[in-house]
Number of protein chains: 2
Amino acid sequence: MKFGGTSMAGTERIRRVAGIVKRQQEAGHEVAVVVSAMSGETDRLVNFCREANPLYDPAEYDVVVASGEQVTSGLLALHLQALGCKARSWLGWQLPVRTDDAHAKARIETIDSEALLASMAAGEIAVIPGFQGLTEDNRVTTLGRGGSDTSAVAVAAAVKADRCDIYTDVDGVYTTDPRIVAKAQKLKSVTYEEMLELASVGSKVLQTRSVSLAMKENVRVQVLSSFIDENAPAADTLPGTMIVSDEELEGLDMERQLITGIAADKNEAKVILTRVPDRPGAVATIFGPLAETNINVDMIIQNVGREHTDTDVTFTVPSADLDKAKSVLEEQQAKIGFEKMTTDPKVAKISVVGVGMRSHAGVASTMFKALADRGINIQAISTSEIKVSVLIDADEVELAVRVLHTAYGLDGA
Amino acid sequence: MKFGGTSMAGTERIRRVAGIVKRQQEAGHEVAVVVSAMSGETDRLVNFCREANPLYDPAEYDVVVASGEQVTSGLLALHLQALGCKARSWLGWQLPVRTDDAHAKARIETIDSEALLASMAAGEIAVIPGFQGLTEDNRVTTLGRGGSDTSAVAVAAAVKADRCDIYTDVDGVYTTDPRIVAKAQKLKSVTYEEMLELASVGSKVLQTRSVSLAMKENVRVQVLSSFIDENAPAADTLPGTMIVSDEELEGLDMERQLITGIAADKNEAKVILTRVPDRPGAVATIFGPLAETNINVDMIIQNVGREHTDTDVTFTVPSADLDKAKSVLEEQQAKIGFEKMTTDPKVAKISVVGVGMRSHAGVASTMFKALADRGINIQAISTSEIKVSVLIDADEVELAVRVLHTAYGLDGA
């Protein structure tokens, strides 16, 4: 079980979490719980580090910020004890959670589960601070912001858990954003790949890294709400969304739609470079300098011109990076050799995602037709095996999501 | 060097501390720094534990409260780095600081200094969170409130430091409380024994445990102000008070007065039991039940009655415990066999302290005469090798301290 910062923010909330955990134990489970710091606490600690030194040493930063989860792990153990449960905290260096030495963005290598399993088998609930680990030379690391989801999946893999339940602010993964489409439905299950595609296009329910790890280690992850009634039946009844492998999906959700969900990302900006010379290495001269400036390029579409001597290159960058991208490209104009740069800061990416499209033709054409019928202009298209994304005007994003949600038969009652 | 919570309370103050530490390194020293949590932080964390469970598990309490010093140790390392120093934090479990397993009040057993000394020899400033340690089975301990002074002395002993500088809210140890006697003088030096006597009678400059440890390990401790100008010469000029052994004292302070200081403790209450049967074991029936109730009895004076069949027993307890002491003794009246109990909540203990009195007669009589001359009535007397204490009316305490300060020639210019 994993609880985030909102669930750990203060005595009353931690008491509720303890109640939810206790019910899982009463339902017959051995339980390990991974916790985040109280919401706001990590920001407070990061701020102290920045004030100390804007170019802070990440090794000492890790010592400071890892303390937030240490506090909540001890407190949850105390709350569980107050409810009559046996419980103890296991800090990152105690298990230990071994990571590489990339401080502030470490990656988990192994988790020693022997003592942990013995403690759990003896009926003790294990409370583990998320986000933290230990290098080979005995120094504290953290996994980067939001790393507690990854810690939870890693612990679940280490103890070969039946399930990794991640309690969040939402009660599951939806076919689309319920704030846009009132008829959005909660999904019973999604595959790891679908979740990754949905996450990367804006459904930030889980940290992407944690989903990749779950896929690699084949950990069954459930996303569910931490605001459930603490006296409700234990989560074996699977009230949330299960994230599982392709194989397992079949058994869980027979009547699944072809398309799993529709995601929208409004934080995109479009750049068009016209009449780029059509020669080997031309594209590298565009994207090399952007990568060096840490600008994350997303969709890339290249149309060869009619005379086959030049080409137009369209791509998107995060809106926040548009100005930086423009100045990088202007500096490189002579080298790249494009004629003109056009930018549009007001575009949005709409994606339809679903493993079903692998075996079904026509998914993309349904999308194009539905949008065309409502007069929504498609500015660019990109596809992957389980996703079709289009770029449209940002003002039309809500309309487009609603139209597609209906077109793919996702509207609930 | 050790800095308390007031010195570590926030970015600006930690930056000042870093400046003071840096100057010590520039003066040619290898430096280890022990830090407290930001002032208020430990209280905040203790409160979370109490809210979780009033009968909290001290092992988990230790996990929670030890985080406060972890934060400040990382931050001071970052601030030192910002000033161009090499620095790193060493958490209790990293050194490790081995303690017994008496959680929340652990005692330090050993500190492994090998890695620490190597790091310091390489020019790295070591920043060590006070108050925390590690049990043999790898769990976090804390030393009890105020334990950072003890951590500092233990680290100084482990690295065989030339000096342990403890930066506090005051700039040294005075002949008496400067708020009572304007002419009180800062002492250049006191012995461990004197410091213990002064501490136990109310001059709470240092934690008593840390002084005992310094005496045992023969660590030279300097008390000095953390509010010194950070650009002032490094503390080799000894602006504070040195706490040293008897032997060393001679060399440091030739012109030392017979009496080192005068301490007053107003938080005393007096209990008189009259006509206690004068038989073996009678005293045990009084003090046994008080000890079981955790009431700390201080002065005990027993006068055998004229007929040698009974005796009056006078003793003091902390004012806060008087009511509890009364009810314990009333319950035991039949067993103890005293005739009457009289109590006085408004008494104070005045002590004159000085190693010089070992070799000089007349110290006590000077005290009695000086008080008698001003009409101050002595209610009880107790003496140790380097201390004479008297019990007087609490209303007369300021007058008594001033009179004695003058009588022993301690008044400054």
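A, B, ... follow the sequence lines: proteins, then strands. Residue 1 opens every chain.
Neither the backbone nor the side chain of A/I14 comes within contact range of chain B; no heavy atoms are under 4.5 Å apart. With a threshold of 4.5 angstrom between heavy atoms, B/L76 does not approach chain A through any atom at all. With a threshold of 4.5 angstrom between heavy atoms, B/L75 approaches chain A through its backbone and through its side chain. For B/V140, the parts sitting under 4.5 Å from any heavy atom of chain A are the backbone and the side chain alike.
A salt bridge is defined here as a Lys NZ or Arg NE, NH1 or NH2 lying under 4.0 Å from an Asp or Glu carboxylate O, and B/R13 with A/E51 fails to meet this definition. The existence of a salt bridge linking A/R44 and B/E41 is confirmed by a sub-4.0 Å separation between a basic side-chain nitrogen and an acidic carboxylate oxygen.
Proximity of a side-chain donor or acceptor of B/Q81 to a complementary backbone N or O of A/Y56 within less than 3.5 Å is not detected. Side chain of B/Q70 to main chain of A/V63: a donor-acceptor pair is present (N/O by atom type, distance under 3.5 Å, no hydrogens or angles). A/Q94 contributes a side-chain N or O that, together with a main-chain N or O of B/N138, makes up a donor-acceptor pair within less than 3.5 Å.
With rounding to the nearest 0.5 Å, the separation of CD in A/E60 from CG in B/L80 is 9.5 Å. With values rounded to the nearest 0.5 angstrom, A/R15 atom CZ is found 9.5 Å from B/N53 atom CG.
With contacts defined as side-chain heavy-atom distances shorter than 4.5 Å, the pair A/S67/B/E69 does not qualify. Using a 4.5 Å cut-off on side-chain heavy atoms (C-beta onward), B/F48 and A/M38 make contact.
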